[in-house]
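Sequence lines set the chain letters: A, B, ... in the order given, protein chains first and strands last, and positions in each chain run from 1.
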There are 2 protein chains.
Amino acid sequence: MPNKSCIIRLSMYRNALMRLKALNFVKVFSDNLADAARVTAVQVRKDFSLFNISGKRRGGYLVDELISQISTILGKDKVQKFIVIGIGNIGRALLHYPGFKKNEIELVAGFDIDTSKHNMDAKVPILPLEELSDFVKENGIRFGIIAVPDFAAQEALEVMLRSGIRGILNFAPICLKEPPECVVHNLNLETELENIIYFTNYATEAGNK
Amino acid sequence: MPNKSCIIRLSMYRNALMRLKALNFVKVFSDNLADAARVTAVQVRKDFSLFNISGKRRGGYLVDELISQISTILGKDKVQKFIVIGIGNIGRALLHYPGFKKNEIELVAGFDIDTSKHNMDAKVPILPLEELSDFVKENGIRFGIIAVPDFAAQEALEVMLRSGIRGILNFAPICLKEPPECVVHNLNLETELENIIYFTNYATEAGNK
DNA sequence: AAACTATTGTGAATATAATCACAATATAAC
DNA sequence: GTTATATTGTGATTATATTCACAATAGTTT
């Protein structure tokens with residue numbers, strides 16, 4: 001089974017391939033993708049072999065075919081719909097983020113307890129939390145994003161799970177308790193910055209020695 | 001040398017410890033922190049041993065002491081200043097994100113090429129890109145965030161590096177070329193969602209078998 | 001068409017990270 | 001004060017991920 005890093009790399013290969021396609025490239029070598037994704041060529045080929053993606057010895061890979069194969073693995077053969085709970089800073093930015101549509105990801109609705117944020121007529125409607133369950137069931141939504149404050153995050157998770165959502169990205173700075181049948185990834189902005197601070201300090205110190 | 005995951009876990013332990021402190025906890029066991037960070041107790045102790053953090057056999061760890069030790073490792077003994085390049089959706093959300101101040105992280109200025117976004121009188125000023133270098137040097141900034149579109153990201157990185165910034169979080173969906181003396185972490189929102197889609201689909205399929 | 005070369009694909013080796021097993025020991029119980 | 005017990009701390013082991021080494025082979029050159 002592939003690990004998280006491997007899937008992240010697939011996304012990066014796909015990004016690079018889309019750029020190459022835009023430049024009318026027809027074929028590509030593991031070495032090219034390695035450069036684009038800042039990994040080794042063997043890593044690229046090992047990743048591909050895990051998914052039975054093969055090229056031609058000495059001939060490389062066909063760009064179109066490779067995009068198609070990776071897209072299927074990443075679920076990009078159809079639009080994937082997400083909802084967002086919590087329309088604060090982060091929630092609002094996500095709803096308007098232009099990068100998703102290009103990649104077959106659609107944020108179809110936001111939910112918040114604050115009535116002043118509700119707007120059912122907007123292109124992407126902001127709805128009361130009570131309507132989440134019906135909305136999710138009616139539209140067959142499987143994915144959600146939690147962008148509420150830490151104290152509200154566990155409850156937000158449970159509402160989502162009860163409605164049938166199975167994959168969740170959590171921006172709240174707290175570790176959530178999830179049942180085994182769902183996938184929750186945590187993305188903590190403070191933690192990301194703390195990481196950069198640590199490794200920059202470490203690198204600087206090491207460099208001075 | 002600790003790896004990235006280890007430092008992420010330290011941040012999570014610290015988060016949990018702050019909550020325990022708010023509840024007037026005086027001591028804590030590796031087992032408690034393990035629950036909070038969703039890892040094993042041995043992992044917690046191994047992480048601590050890497051930094052020579054020790055507790056008392058059968059007595060656990062003192063909350064205050066532990067917070068202080070982890071804070072020092074993560075550079076939280078002083079405020080760490082960041083700037084942001086690119087005041088679009090993401091950049092703006094970050095500038096107003098309330099979670100940073102609590103954690104000794106301060107976003108001190110934003111920069112953009114679009115003059116309509118400039119505002120030097122705001123609490124956190126938005127300045128022209130040309131002023132970045134002077135601002136960074138005068139204020140001794142070491143950290144930055146890239147929140148520009150992909151085509152502008154490499155140039156943004158180089159501007160930052162020339163000004164003396166050494167640690168960077170990159171939100172642009174592209175892999176940047178960086179010299180060895182700096183630290184660049186990529187955080188790609190599309191990629192994060194693709195990851196969730198993949199593992200949710202995988203888990204669902206596996207569950208159905 | 002034969003020889004050469006660049007590239008893939010993968011088993012084996014290595015490196016890295018997590019877990020196990022248990023000794024050391026501080027605290028609690030009696 | 002002695003015994004029992006809960007907890008830490010860590011060397012040894014196992015698991016996981018990456019890199020190495022090289023055989024296979026498609027394309028290129030002569």
Practice task
Rounded to the nearest angstrom, tell me the gap between atom CG in B:L62 and atom P in D:dT8.
Solution key: 12 Å
Practice task
From the options C:dT8, C:dT19, C:dA18, select the nucleotide whose nearest atom is closest to the side chain of B:N3.
Solution key: C:dA18
Exercise for the section: Report yes if a side-chain nitrogen or oxygen of A:S49 is closer than 4.0 Å to either non-bridging phosphate oxygen (OP1 or OP2) of C:dG9; otherwise report no. Expected result: no
Fill in the blank from the handout: Protein-proximity profile, nucleotides 22-30 of chain C, B/S/- by nucleotide at the 4.0 Å heavy-atom cutoff, equals -BBBBBS--
Handout entry: Separation of C:dT8 C1' from A:E65 CD (nearest whole Å)
Key = 15 Å
Fill in the blank from the handout: Between B:F29 and B:G60 the two heavy atoms that sit nearest each other are CD2-CA, 3.5 Å
Exercise for the section: Quick one: do A:R162 and A:E155 satisfy salt bridge (charged side-chain N to carboxylate O under 4.0 Å, His left out)? Show the steps, please. Expected result: CA-CA 11 Å; A:R162 280 199 295 272; A:E155 177 59 20; 3.7 Å; yes
Handout entry: Whole-Å distance separating the NZ atom of A:K4 from the P atom of D:dT18
Key = 14 Å
Exercise for the section: Starting at atom CG of A:D31, determine the distance to atom P of C:dG9, rounded to an integer number of angstrom. Expected result: 14 Å
Problem - Protein-nucleotide distance (B:N32, atom CG; D:dT8, atom C1'), rounded to Å - result: 13 Å
Exercise for the section: May I ask you to verify if any side-chain N or O of A:R9 is less than 4.0 angstrom from the OP1 or OP2 atom of D:dA17? Expected result: no
Exercise for the section: Compare side-chain N and O positions of A:Q43 against OP1 and OP2 of D:dT19 and report whether any pair is under 4.0 Å apart. Expected result: yes
Exercise for the section: Give a yes/no on whether any side-chain N or O of A:T40 is located under 4.0 angstrom from OP1 or OP2 of D:dT19. Expected result: yes
Exercise for the section: Classify the nucleic acid contact of A:F48 as base, sugar-phosphate or nothing, counting any heavy atom under 4.0 Å across all strands shown. Expected result: nothing
Exercise for the section: Return the value, rounded to whole Å, for the distance between atom CZ of B:F29 and atom P of D:dA6. Expected result: 11 Å
Problem - Enclosure of B:K21 NZ (heavy-atom neighbours >12, cutoff 6.0 Å) - result: no
Handout entry: Nearest heavy-atom neighbours spanning A:L94 and A:F100
Key = O-CE1, 3.6 Å
Handout entry: Side-chain H-bond candidate by donor/acceptor type, A:N103 with A:R14, under 3.5 Å
Key = yes
Handout entry: Steps toward side-chain contact (heavy atoms from CB on, under 4.5 Å) verdict (A:R166, A:V183)
Key = CA-CA 6 Å; A:R166 285 294 168 265; A:V183 172; over 6 Å; no
Problem - Test item: A:F151 and A:I174 side chains (from C-beta on) under 4.5 Å apart, heavy atoms - result: no
Practice task
Determine whether any donor atom in the side chain of B:K46 lies under 3.5 Å from an acceptor atom in the base of D:dT10, or the reverse, and answer yes or no.
Solution key: no
Problem - Among C:dT10, C:dT8, D:dT8, the nucleotide that comes nearest once only the side chain of A:V42 is considered - result: C:dT10
Handout entry: Phosphate-side-chain proximity, A:Y61 and C:dG9, N/O vs OP1/OP2 below 4.0 Å
Key = yes
Fill in the blank from the handout: A:L50 CG to D:dT18 C1', in whole Å, measures 13 Å
Fill in the blank from the handout: note: A:D47, atom CG; D:dA17, atom P; distance rounded to Å ~ 11 Å
